[in-house]
Protein chains: 2
Amino acid sequence: MSKYLTTIGEQIRKLREDQGLPLRKVAAKLDIDQSILSKIERGERNASKEQIIQIARIFEVEEKELLINYLSDRVLYDLIGEDLATDVLKVAEEKIKYFTKIRNGK
Amino acid sequence: MSKYLTTIGEQIRKLREDQGLPLRKVAAKLDIDQSILSKIERGERNASKEQIIQIARIFEVEEKELLINYLSDRVLYDLIGEDLATDVLKVAEEKIKYFTKIRNGK
DNA sequence: AATCATTTGGACAATATTTGACCAAATGTA
DNA sequence: TACATTTGGTCAAATATTGTCCAAATGATT
């Protein structure tokens with residue numbers, strides 16, 4: 001079972017609540033309004049990559065862990081309602097393999 | 001070897017050139033300026049999903065074939081410069097499986 | 001070379017989307 | 001009740017997207 005089967009928003013909310021911090025405090029560190037953070041946690045707004053990195057620092061978790069969850073959510077967002085979604089991801093993987101192979105000299 | 005190891009733009013250009021059509025003609029059918037189509041083919045601009053569907057009709061190819069290439073390009077665009085790209089795609093696939101399972105009752 | 005068709009690049013305007021502040025209402029808690 | 005926290009909605013500013021238009025570059029033909 002992967003540890004990523006949750007949205008980035010849910011993950012952030014859990015981190016915050018586990019530390020017993022109010023939106024206000026965390027939002028202040030991120031230099032945004034608390035209502036924006038509330039919306040990010042509920043998936044109503046999008047966080048920027050920079051904000052995700054700051055959040056990783058604030059809660060002292062691996063940047064990578066949050067980024068993977070964040071980016072995979074964004075990828076899925078592109079595919080909302082597409083029944084081709086699974087095929088698309090497979091092709092995307094092939095392309096990445098192919099292009100990185102090319103980049104590293106044939 | 002997959003048939004998708006090309007960008008959607010390259011694929012469109014190939015379809016057009018194989019039929020010996022100028023940008024002007026195809027652009028007219030799409031109701032956009034030829035320079036825009038030129039940019040789409042070279043990956044400098046993005047096509048809309050509706051345009052991709054029209055293009056499939058114009059060249060009489062499977063909508064699905066173009067859409068998969070189109071969407072996978074968009075997915076990869078989100079991941080430009082990310083060395084986590086492969087991990088992200090794997091997690092995205094897991095999430096899709098997971099959520100569609102949820103949707104279909106448990 | 002001259003001409004004509006095609007393609008490309010860049011400036012520009014119009015439109016749409018994103019981002020965040022702000023504040024009031026709702027909810028939770030002591 | 002009183003206080004803290006969270007949420008929902010409106011608004012303005014900033015940014016991104018989309019397409020037109022036209023001139024320059026490139027390619028093909030005679």
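Naming convention: chains lettered A, B, ... in sequence-line order (proteins, then strands); numbering from 1 in each chain.
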Go through residues 49-61 of chain B and report each residue with a non-hydrogen atom lying under 4.0 Å from DNA chain D, sorted by number. Q51(B)
Can you find a heavy atom in the side chain of I40(A) that is under 4.5 Å from one in the side chain of I32(A)? yes
Please enumerate all protein N or O atoms sitting under 3.5 Å from an N or O of nucleotides 8-14 of chain C, with distances to 0.1 Å.
residue, atom, partner, partner atom, Å
dT8(C), OP1, R13(B), NH1, 3.0
dT8(C), OP2, R13(B), NH2, 2.5
dT8(C), OP2, S38(B), OG, 2.7
dG9(C), OP2, R42(B), NH1, 2.2
dG10(C), N7, K39(B), NZ, 3.3
dG10(C), O6, K39(B), NZ, 3.0

Side-chain donor/acceptor pairs under 3.5 Å, residues 16-24 of chain B, sequence neighbours excluded:
residue, atom, partner, partner atom, Å
R16(B), NE, E41(B), OE2, 2.7
R16(B), NH1, L21(B), O, 2.8
R16(B), NH2, E41(B), OE1, 2.9
D18(B), OD2, K14(B), NZ, 2.7

Pairwise side-chain contact, I58(B) with L15(B), heavy-atom cut-off 4.5 Å (strictly under): no
Which parts of residues 67-80 of chain B get close to DNA chain C, meaning a heavy atom less than 4.0 angstrom away? none
So which heavy atom on V91(B) is nearest to which on S72(A), and how close? CG1-OG, 3.5 Å
Under the side-chain hydrogen bond (donor to acceptor under 3.5 Å, both in side chains) test, which residues partner K90(A), sequence neighbours left out? E93(B)
With sequence neighbours excluded, tell me which residues meet side-chain hydrogen bond (donor to acceptor under 3.5 Å, both in side chains) with R45(A). none
Side-chain donor-acceptor contacts of residues 76-89 of chain A below 3.5 Å, not counting sequence neighbours, with atom names and distances?
residue, atom, partner, partner atom, Å
E82(A), OE2, K49(B), NZ, 2.7

Got a second to check how far N104(A)'s CG is from T100(A)'s OG1, nearest 0.5 Å? 6.0 Å
What residues, two or more places apart in sequence or in another chain, satisfy side chain to side chain contact (heavy atoms under 4.5 Å, CB included) together with S48(A)? E50(A), Q51(A)
Using five base pairs at each end to define the local axes, how bent is the helix from dA1(C)-dT30(D) to dA30(C)-dT1(D), to the nearest 10°? 40°
Those residues at least two apart in sequence (or on a different chain) that pass side-chain hydrogen bond (donor to acceptor under 3.5 Å, both in side chains) with R57(B) are none
Once side-chain hydrogen bond (donor to acceptor under 3.5 Å, both in side chains) is applied, do any residues pair with Q11(B), and if so which ones, sequence neighbours excluded? E65(B), N69(B)
Any carboxylate oxygen within less than 4.0 angstrom of a Lys/Arg side-chain nitrogen, looking at R42(A) and E44(A)? yes
Between V75(B) and L71(B), is any pair of side-chain heavy atoms under 4.5 Å apart? no
The first and last nucleotides of DNA chain D lying within contact of chain B, meaning any atom under 4.0 Å from one of its heavy atoms, run from dT18(D) to dC21(D)
